[in-house]
Amino acid sequence: MKINCNVIRDLLPLYADQICSNESKELVDEHLAQCRDCSALLQQIQNTEIETDLKTEADNVLHHQADFFKRKSAVIGTAIAGIFMIPILVCLIVNLATGAALDWFFIVLASLIVAASLIVVPLVMPENKFLWTLGTFTSSLLLLFGVICIYTHGKWFFIASSSVLLGFSVCFLPFAVCTRPLKTLIGNQKGLVVMTSSTLFFGLMMLSIGLYTKSSDFRRIAPVISLPILALIWLLFLFIRYTKIEALVKAGICTSIIGAFSFFADSLINTWIGNKTPLPVFRPFIWRINTIDGNVKWLILIGCSIAGIVLIVSGIIKRTK
(Lines give C-alpha, C1' and ligand atoms only; values in the text may rest on other atoms or scores of the structure.)
Protein backbone atom coordinates (compact mmCIF):
# COMPACT_ATOMS: atom_id res chain seq x y z
CA MET A 1 0.00 0.00 0.00
CA LYS A 2 2.89 2.39 0.79
CA ILE A 3 4.41 1.95 -2.66
CA ASN A 4 1.02 2.23 -4.28
CA CYS A 5 0.29 5.46 -2.37
CA ASN A 6 3.53 7.02 -3.55
CA VAL A 7 2.77 6.04 -7.12
CA ILE A 8 -0.82 7.25 -6.89
CA ARG A 9 0.22 10.62 -5.41
CA ASP A 10 2.53 11.15 -8.34
CA LEU A 11 -0.42 10.52 -10.67
CA LEU A 12 -2.98 12.61 -8.76
CA PRO A 13 -2.14 15.99 -10.45
CA LEU A 14 -2.55 14.34 -13.88
CA TYR A 15 -5.70 12.60 -12.69
CA ALA A 16 -7.18 15.86 -11.37
CA ASP A 17 -6.50 17.57 -14.72
CA GLN A 18 -7.90 14.51 -16.59
CA ILE A 19 -4.83 14.13 -18.77
CA CYS A 20 -3.63 10.69 -17.66
CA SER A 21 -4.11 7.46 -19.61
CA ASN A 22 -7.13 5.21 -19.13
CA GLU A 23 -4.99 2.56 -17.44
CA SER A 24 -3.66 5.10 -14.95
CA LYS A 25 -7.16 6.45 -14.34
CA GLU A 26 -8.47 2.97 -13.56
CA LEU A 27 -5.55 2.35 -11.20
CA VAL A 28 -6.19 5.65 -9.38
CA ASP A 29 -9.94 5.01 -9.17
CA GLU A 30 -9.35 1.58 -7.67
CA HIS A 31 -6.88 2.96 -5.15
CA LEU A 32 -9.03 5.94 -4.14
CA ALA A 33 -11.91 3.62 -3.33
CA GLN A 34 -9.74 2.02 -0.62
CA CYS A 35 -7.44 4.87 0.58
CA ARG A 36 -8.86 7.82 2.50
CA ASP A 37 -5.52 9.68 2.63
CA CYS A 38 -5.12 9.80 -1.14
CA SER A 39 -8.79 10.77 -1.53
CA ALA A 40 -8.28 13.69 0.85
CA LEU A 41 -5.15 14.72 -1.06
CA LEU A 42 -7.11 14.66 -4.34
CA GLN A 43 -9.81 16.86 -2.79
CA GLN A 44 -7.16 19.31 -1.62
CA ILE A 45 -5.60 19.45 -5.11
CA GLN A 46 -9.00 20.09 -6.69
CA ASN A 47 -9.84 22.83 -4.18
CA THR A 48 -6.49 24.52 -4.83
CA GLU A 49 -7.09 24.44 -8.57
CA ILE A 50 -10.56 25.95 -8.10
CA GLU A 51 -9.12 28.75 -5.95
CA THR A 52 -6.41 29.39 -8.54
CA ASP A 53 -9.00 29.55 -11.32
CA LEU A 54 -11.18 31.93 -9.30
CA LYS A 55 -8.21 34.17 -8.53
CA THR A 56 -7.18 34.22 -12.18
CA GLU A 57 -10.71 35.06 -13.23
CA ALA A 58 -10.95 37.83 -10.61
CA ASP A 59 -7.61 39.28 -11.73
CA ASN A 60 -8.81 39.27 -15.33
CA VAL A 61 -12.02 41.09 -14.35
CA LEU A 62 -10.12 43.69 -12.33
CA HIS A 63 -7.60 44.17 -15.14
CA HIS A 64 -10.44 44.63 -17.62
CA GLN A 65 -12.15 47.17 -15.38
CA ALA A 66 -8.88 49.03 -14.82
CA ASP A 67 -8.33 49.27 -18.57
CA PHE A 68 -11.91 50.51 -18.97
CA PHE A 69 -11.44 53.29 -16.40
CA LYS A 70 -8.08 54.24 -17.91
CA ARG A 71 -9.68 54.64 -21.33
CA LYS A 72 -12.53 56.62 -19.83
CA SER A 73 -10.14 58.90 -17.92
CA ALA A 74 -8.13 59.46 -21.10
CA VAL A 75 -11.30 60.46 -22.99
CA ILE A 76 -12.36 62.84 -20.21
CA GLY A 77 -8.85 64.32 -20.02
CA THR A 78 -8.80 64.86 -23.78
CA ALA A 79 -12.21 66.56 -23.62
CA ILE A 80 -11.05 68.88 -20.84
CA ALA A 81 -7.91 69.69 -22.81
CA GLY A 82 -10.18 70.64 -25.73
CA ILE A 83 -12.15 72.92 -23.41
CA PHE A 84 -8.92 74.60 -22.35
CA MET A 85 -8.21 75.36 -26.00
CA ILE A 86 -11.31 77.58 -26.24
CA PRO A 87 -10.04 80.48 -24.06
CA ILE A 88 -6.62 80.18 -25.70
CA LEU A 89 -8.13 80.63 -29.17
CA VAL A 90 -10.38 83.45 -27.95
CA CYS A 91 -7.45 85.33 -26.43
CA LEU A 92 -5.37 84.81 -29.56
CA ILE A 93 -8.13 86.10 -31.83
CA VAL A 94 -8.82 89.14 -29.61
CA ASN A 95 -5.12 89.87 -29.36
CA LEU A 96 -4.64 89.77 -33.10
CA ALA A 97 -7.86 91.69 -33.81
CA THR A 98 -6.91 94.55 -31.50
CA GLY A 99 -3.39 94.70 -32.88
CA ALA A 100 -1.88 94.26 -29.41
CA ALA A 101 1.32 92.40 -28.70
CA LEU A 102 1.11 88.76 -27.74
CA ASP A 103 2.76 89.22 -24.34
CA TRP A 104 -0.34 88.91 -22.14
CA PHE A 105 -1.59 86.09 -24.39
CA PHE A 106 1.44 84.03 -23.37
CA ILE A 107 0.61 84.70 -19.71
CA VAL A 108 -2.89 83.30 -20.26
CA LEU A 109 -1.43 80.36 -22.16
CA ALA A 110 1.10 79.56 -19.41
CA SER A 111 -1.64 79.85 -16.75
CA LEU A 112 -3.86 77.37 -18.58
CA ILE A 113 -0.92 75.00 -18.93
CA VAL A 114 -0.52 75.12 -15.14
CA ALA A 115 -4.21 74.27 -14.72
CA ALA A 116 -3.97 71.49 -17.30
CA SER A 117 -1.00 69.95 -15.49
CA LEU A 118 -3.21 69.48 -12.40
CA ILE A 119 -6.41 68.43 -14.19
CA VAL A 120 -5.61 66.86 -17.55
CA VAL A 121 -2.32 65.08 -16.82
CA PRO A 122 -3.68 62.85 -13.99
CA LEU A 123 -6.55 61.79 -16.24
CA VAL A 124 -4.51 61.12 -19.37
CA MET A 125 -1.43 59.39 -17.96
CA PRO A 126 -2.07 55.65 -17.48
CA GLU A 127 0.71 55.07 -14.90
CA ASN A 128 2.82 57.05 -12.43
CA LYS A 129 0.18 59.79 -12.27
CA PHE A 130 1.70 61.51 -9.23
CA LEU A 131 5.16 61.68 -10.76
CA TRP A 132 3.89 63.03 -14.08
CA THR A 133 1.60 65.54 -12.37
CA LEU A 134 4.36 66.80 -10.09
CA GLY A 135 6.83 67.12 -12.96
CA THR A 136 4.46 68.89 -15.36
CA PHE A 137 3.08 71.19 -12.64
CA THR A 138 6.57 72.25 -11.55
CA SER A 139 7.69 72.85 -15.14
CA SER A 140 4.54 74.78 -16.09
CA LEU A 141 4.74 76.91 -12.93
CA LEU A 142 8.35 77.84 -13.72
CA LEU A 143 7.24 78.63 -17.27
CA LEU A 144 4.51 80.94 -15.90
CA PHE A 145 7.07 82.71 -13.68
CA GLY A 146 9.35 83.19 -16.67
CA VAL A 147 6.62 84.62 -18.91
CA ILE A 148 5.39 87.04 -16.23
CA CYS A 149 8.95 88.06 -15.38
CA ILE A 150 9.68 88.83 -19.05
CA TYR A 151 6.37 90.70 -19.41
CA THR A 152 7.01 92.85 -16.30
CA HIS A 153 10.74 93.25 -17.03
CA GLY A 154 11.45 91.88 -13.58
CA LYS A 155 14.57 90.26 -12.15
CA TRP A 156 12.93 88.03 -9.58
CA PHE A 157 12.60 84.83 -11.66
CA PHE A 158 15.49 82.94 -10.05
CA ILE A 159 14.43 83.86 -6.51
CA ALA A 160 10.83 82.72 -7.09
CA SER A 161 11.85 79.58 -8.98
CA SER A 162 14.48 78.46 -6.50
CA SER A 163 12.09 79.05 -3.59
CA VAL A 164 9.36 76.99 -5.26
CA LEU A 165 11.81 74.19 -6.06
CA LEU A 166 12.95 74.14 -2.43
CA GLY A 167 9.37 74.01 -1.16
CA PHE A 168 8.41 71.25 -3.58
CA SER A 169 11.51 69.22 -2.74
CA VAL A 170 10.69 69.37 0.97
CA CYS A 171 6.95 68.68 0.61
CA PHE A 172 6.67 66.35 -2.38
CA LEU A 173 10.07 64.80 -3.12
CA PRO A 174 9.83 62.30 -0.20
CA PHE A 175 6.68 60.92 -1.84
CA ALA A 176 8.07 61.12 -5.39
CA VAL A 177 11.11 58.94 -4.58
CA CYS A 178 8.76 56.21 -3.35
CA THR A 179 7.08 55.86 -6.75
CA ARG A 180 8.07 52.80 -8.75
CA PRO A 181 10.41 54.37 -11.38
CA LEU A 182 12.45 56.45 -8.91
CA LYS A 183 12.38 53.76 -6.25
CA THR A 184 13.87 51.28 -8.72
CA LEU A 185 16.49 53.79 -9.84
CA ILE A 186 17.52 55.06 -6.40
CA GLY A 187 17.22 51.86 -4.41
CA ASN A 188 17.78 52.19 -0.67
CA GLN A 189 19.15 55.74 -0.79
CA LYS A 190 15.83 57.61 -0.99
CA GLY A 191 16.44 59.66 2.15
CA LEU A 192 19.92 60.66 1.06
CA VAL A 193 18.61 61.78 -2.35
CA VAL A 194 15.87 63.89 -0.74
CA MET A 195 18.27 65.51 1.72
CA THR A 196 20.87 66.25 -0.95
CA SER A 197 18.29 67.69 -3.35
CA SER A 198 16.74 69.92 -0.69
CA THR A 199 20.16 71.16 0.39
CA LEU A 200 21.13 72.00 -3.21
CA PHE A 201 17.85 73.85 -3.79
CA PHE A 202 18.35 75.74 -0.53
CA GLY A 203 21.84 76.76 -1.64
CA LEU A 204 20.47 77.82 -5.03
CA MET A 205 17.80 79.94 -3.34
CA MET A 206 20.33 81.66 -1.05
CA LEU A 207 22.64 82.30 -4.00
CA SER A 208 19.75 83.80 -6.00
CA ILE A 209 18.81 86.08 -3.10
CA GLY A 210 22.43 87.19 -2.71
CA LEU A 211 22.77 88.00 -6.41
CA TYR A 212 19.44 89.85 -6.42
CA THR A 213 20.06 91.98 -3.32
CA LYS A 214 23.78 92.53 -3.98
CA SER A 215 24.10 93.16 -0.27
CA SER A 216 27.39 92.64 1.51
CA ASP A 217 25.52 92.25 4.82
CA PHE A 218 23.48 89.40 3.37
CA ARG A 219 26.58 87.61 2.15
CA ARG A 220 28.12 88.02 5.59
CA ILE A 221 25.13 87.07 7.73
CA ALA A 222 23.27 84.49 5.64
CA PRO A 223 25.92 81.72 5.78
CA VAL A 224 26.36 82.17 9.54
CA ILE A 225 22.63 81.70 10.10
CA SER A 226 22.04 78.99 7.49
CA LEU A 227 25.01 76.67 7.93
CA PRO A 228 24.38 75.76 11.60
CA ILE A 229 20.77 74.88 10.79
CA LEU A 230 21.81 72.79 7.79
CA ALA A 231 24.47 71.10 9.90
CA LEU A 232 21.87 70.24 12.56
CA ILE A 233 19.46 68.80 9.96
CA TRP A 234 22.18 66.68 8.35
CA LEU A 235 23.45 65.54 11.75
CA LEU A 236 19.99 64.35 12.76
CA PHE A 237 19.42 62.67 9.39
CA LEU A 238 22.74 60.78 9.37
CA PHE A 239 22.30 59.79 13.01
CA ILE A 240 18.74 58.50 12.50
CA ARG A 241 19.41 56.82 9.17
CA TYR A 242 22.79 55.16 9.61
CA THR A 243 23.24 54.38 13.33
CA LYS A 244 22.05 51.04 14.68
CA ILE A 245 20.56 52.15 17.97
CA GLU A 246 17.17 51.36 19.46
CA ALA A 247 14.52 53.66 17.94
CA LEU A 248 13.36 55.19 21.24
CA VAL A 249 16.95 55.97 22.21
CA LYS A 250 17.45 57.69 18.84
CA ALA A 251 14.28 59.71 19.39
CA GLY A 252 15.42 60.74 22.87
CA ILE A 253 18.89 61.83 21.71
CA CYS A 254 17.44 63.81 18.76
CA THR A 255 14.85 65.48 20.99
CA SER A 256 17.56 66.55 23.45
CA ILE A 257 19.77 67.89 20.62
CA ILE A 258 16.88 69.94 19.19
CA GLY A 259 16.09 71.39 22.61
CA ALA A 260 19.71 72.38 23.20
CA PHE A 261 20.03 73.89 19.70
CA SER A 262 16.84 75.92 20.17
CA PHE A 263 18.20 77.28 23.47
CA PHE A 264 21.75 78.19 22.40
CA ALA A 265 21.37 78.97 18.67
CA ASP A 266 20.45 82.66 18.88
CA SER A 267 23.21 83.52 21.32
CA LEU A 268 25.91 81.65 19.39
CA ILE A 269 24.87 82.95 15.95
CA ASN A 270 24.63 86.55 17.18
CA THR A 271 28.07 86.20 18.74
CA TRP A 272 29.50 84.92 15.44
CA ILE A 273 28.12 87.89 13.48
CA GLY A 274 29.42 90.38 16.03
CA ASN A 275 26.27 91.03 18.06
CA LYS A 276 27.11 89.41 21.37
CA THR A 277 23.93 88.23 23.05
CA PRO A 278 23.72 86.77 26.57
CA LEU A 279 22.07 83.44 27.21
CA PRO A 280 18.31 83.57 27.91
CA VAL A 281 17.21 84.26 31.49
CA PHE A 282 14.42 82.19 33.00
CA ARG A 283 11.72 84.23 34.74
CA PRO A 284 8.71 81.92 34.86
CA PHE A 285 6.57 84.31 36.91
CA ILE A 286 7.22 87.35 34.72
CA TRP A 287 5.79 87.28 31.22
CA ARG A 288 6.53 90.53 29.44
CA ILE A 289 7.84 91.47 26.02
CA ASN A 290 11.44 91.35 27.23
CA THR A 291 11.03 88.00 29.07
CA ILE A 292 8.84 85.93 26.73
CA ASP A 293 11.72 84.86 24.46
CA GLY A 294 13.88 83.67 27.37
CA ASN A 295 11.04 81.89 29.14
CA VAL A 296 9.96 80.07 25.97
CA LYS A 297 13.52 78.93 25.25
CA TRP A 298 13.95 77.66 28.78
CA LEU A 299 10.65 75.77 28.60
CA ILE A 300 11.72 74.22 25.28
CA LEU A 301 15.06 73.19 26.76
CA ILE A 302 13.47 71.71 29.91
CA GLY A 303 10.65 70.00 27.99
CA CYS A 304 12.96 68.48 25.36
CA SER A 305 15.44 67.36 28.01
CA ILE A 306 12.76 65.60 30.05
CA ALA A 307 11.21 64.03 26.97
CA GLY A 308 14.66 62.96 25.76
CA ILE A 309 15.54 61.31 29.05
CA VAL A 310 12.18 59.49 29.19
CA LEU A 311 12.61 58.21 25.62
CA ILE A 312 16.21 57.10 26.21
CA VAL A 313 15.33 55.26 29.44
CA SER A 314 12.29 53.65 27.76
CA GLY A 315 14.48 52.50 24.86
CA ILE A 316 17.07 51.01 27.18
CA ILE A 317 14.38 49.16 29.18
CA LYS A 318 12.74 47.90 25.99
CA ARG A 319 16.03 46.63 24.61
CA THR A 320 16.92 44.96 27.92
CA LYS A 321 13.59 43.14 28.00
S.K.: Calculate, to the nearest 0.5 Å, the distance between atoms CZ and CD1 belonging to R220 and I273 respectively.
M.R.: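 Going from the CZ atom of R220 to the CD1 atom of I273 covers 6.5 Å.
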S.K.: Indicate the atoms forming the closest heavy-atom contact of W272 with P228, along with that distance.
M.R.: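 Heavy atoms only, the tightest pair is CZ3-CG, 3.6 Å.
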S.K.: With sequence neighbours left out, write down each residue that passes side-chain hydrogen bond (donor to acceptor under 3.5 Å, both in side chains) with W234, or none if nothing qualifies.
M.R.: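 By the side-chain hydrogen bond (donor to acceptor under 3.5 Å, both in side chains) rule, W234 matches T199.
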S.K.: Say you draw a straight line from CD1 of I225 to CG of N270; how long is it, rounded to the nearest 0.5 Å?
M.R.: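 These two atoms lie 8.0 Å from each other.
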S.K.: Hey, does T133 have a side-chain heavy atom less than 4.5 Å from the side chain of F172?
M.R.: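 Not in contact.
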S.K.: State the CZ-CD1 distance between F239 and I245, to the nearest 0.5 angstrom.
M.R.: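 The CD1 atom of I245 is 4.0 Å from CZ of F239, to the nearest 0.5 Å.
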S.K.: Is there a path from M206 to L211 through hydrophobic residues (I, L, V, M, F, W, Y) whose side chains come within less than 4.5 Å of each other?
M.R.: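 No, it is not one cluster - the side chains of M206 and L211 are not joined through contacts under 4.5 Å.
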S.K.: Please check if the side chain of K250 supplies one atom and the backbone of T243 the other of a donor-acceptor pair under 3.5 Å.
M.R.: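 Yes; judged by distance alone, with no hydrogens or angles, the pair exists.
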S.K.: Are the side chain of S197 and the backbone of V194 linked by a donor-acceptor contact shorter than 3.5 Å?
M.R.: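 Checked: no pair found.
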S.K.: Check for a donor-acceptor pair, side chain of S267 on one end and backbone N or O of F264 on the other, with a separation under 3.5 Å.
M.R.: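 Side chain of S267 to backbone of F264: no pair is present.
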S.K.: Restricting to non-hydrogen atoms, name the atom on A176 and the atom on L131 that form the minimum distance, rounded to 0.1 Å.
M.R.: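 Reported closest heavy-atom pair: CB-CD1, 4.0 Å.
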S.K.: Please step through side-chain contact (heavy atoms from CB on, under 4.5 Å) for the pair H31 and L27, ending with a clear verdict.
M.R.: CA-CA 6 Å; H31 181 84; L27 179 63; 5.7 Å; no
S.K.: Before giving the answer on side-chain contact (heavy atoms from CB on, under 4.5 Å), spell out for C35 and C5 the whole-Å C-alpha distance, their side-chain angles and the decisive distance to 0.1 Å.
M.R.: CA-CA 8 Å; C35 182; C5 282; 3.9 Å; yes
S.K.: Has R241 got more than 12 heavy atoms of other residues, nucleotides or ligands less than 6.0 Å from its CZ?
M.R.: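 Above 12, so yes.
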S.K.: So does I186 get a backbone contact from the side chain of K190, meaning a donor-acceptor N/O pair under 3.5 Å?
M.R.: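 Looks like no, no N/O pair under 3.5 Å.
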S.K.: For the CE atom of M195 and the CD atom of Q189, what is their distance to the nearest 0.5 Å?
M.R.: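 Here the rounded value is 13.0 Å.
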S.K.: Working note: L236 + I258, criterion side-chain contact (heavy atoms from CB on, under 4.5 Å); need CA distance, chi angles, decisive distance, verdict.
M.R.: CA-CA 9 Å; L236 294 177; I258 292 173; 3.9 Å; yes
S.K.: When rounded to the nearest 0.5 angstrom, what distance separates CD1 in I292 from CD1 in I286?
M.R.: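 Rounded to the nearest 0.5 Å, the CD1-CD1 separation comes out at 12.0 Å.
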S.K.: Working to the nearest 0.5 angstrom, can you tell me the gap between I113 CD1 and F106 CZ?
M.R.: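 Atom-to-atom, I113:CD1 and F106:CZ are 10.5 Å apart.
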S.K.: Has S117 got a side-chain atom pairing as donor or acceptor with S140's backbone, closer than 3.5 angstrom?
M.R.: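 Such a contact is absent between S117 side chain and S140 backbone.
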S.K.: Is there a continuous path of hydrophobic side-chain contacts, each under 4.5 Å between heavy atoms, that joins L166 to V164?
M.R.: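 The answer is yes; both residues are in one hydrophobic cluster.
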S.K.: Among D293, N295, L301, find the residue that satisfies the side-chain contact (heavy atoms from CB on, under 4.5 Å) test when tested with K297.
M.R.: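 With K297 as partner, D293, N295, L301 yield a single side-chain contact (heavy atoms from CB on, under 4.5 Å), made by D293.
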S.K.: With side chains defined as the heavy atoms from C-beta onward, is the minimum distance between F158 and L204 less than 4.5 Å?
M.R.: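 No - every pair of side-chain heavy atoms lies 4.5 Å or more apart.
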S.K.: Keeping the roles fixed (side chain from R180, backbone from N128), state whether a donor-acceptor pair exists under 3.5 Å.
M.R.: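 Between the backbone of N128 and the side chain of R180 there is no qualifying donor-acceptor contact (under 3.5 Å).
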S.K.: Give a yes or no on whether the backbone of V121 and the side-chain of W132 come within a donor-acceptor separation of less than 3.5 Å.
M.R.: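 No.
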S.K.: Does P223 offer a backbone N or O that forms a donor-acceptor pair with the side chain of S226 under 3.5 Å?
M.R.: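 It does not hold such a pair.
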S.K.: As a quick check of understanding, evaluate side-chain contact (heavy atoms from CB on, under 4.5 Å) for V281 and T291, giving each step before the final call.
M.R.: CA-CA 8 Å; V281 178; T291 62; over 6 Å; no
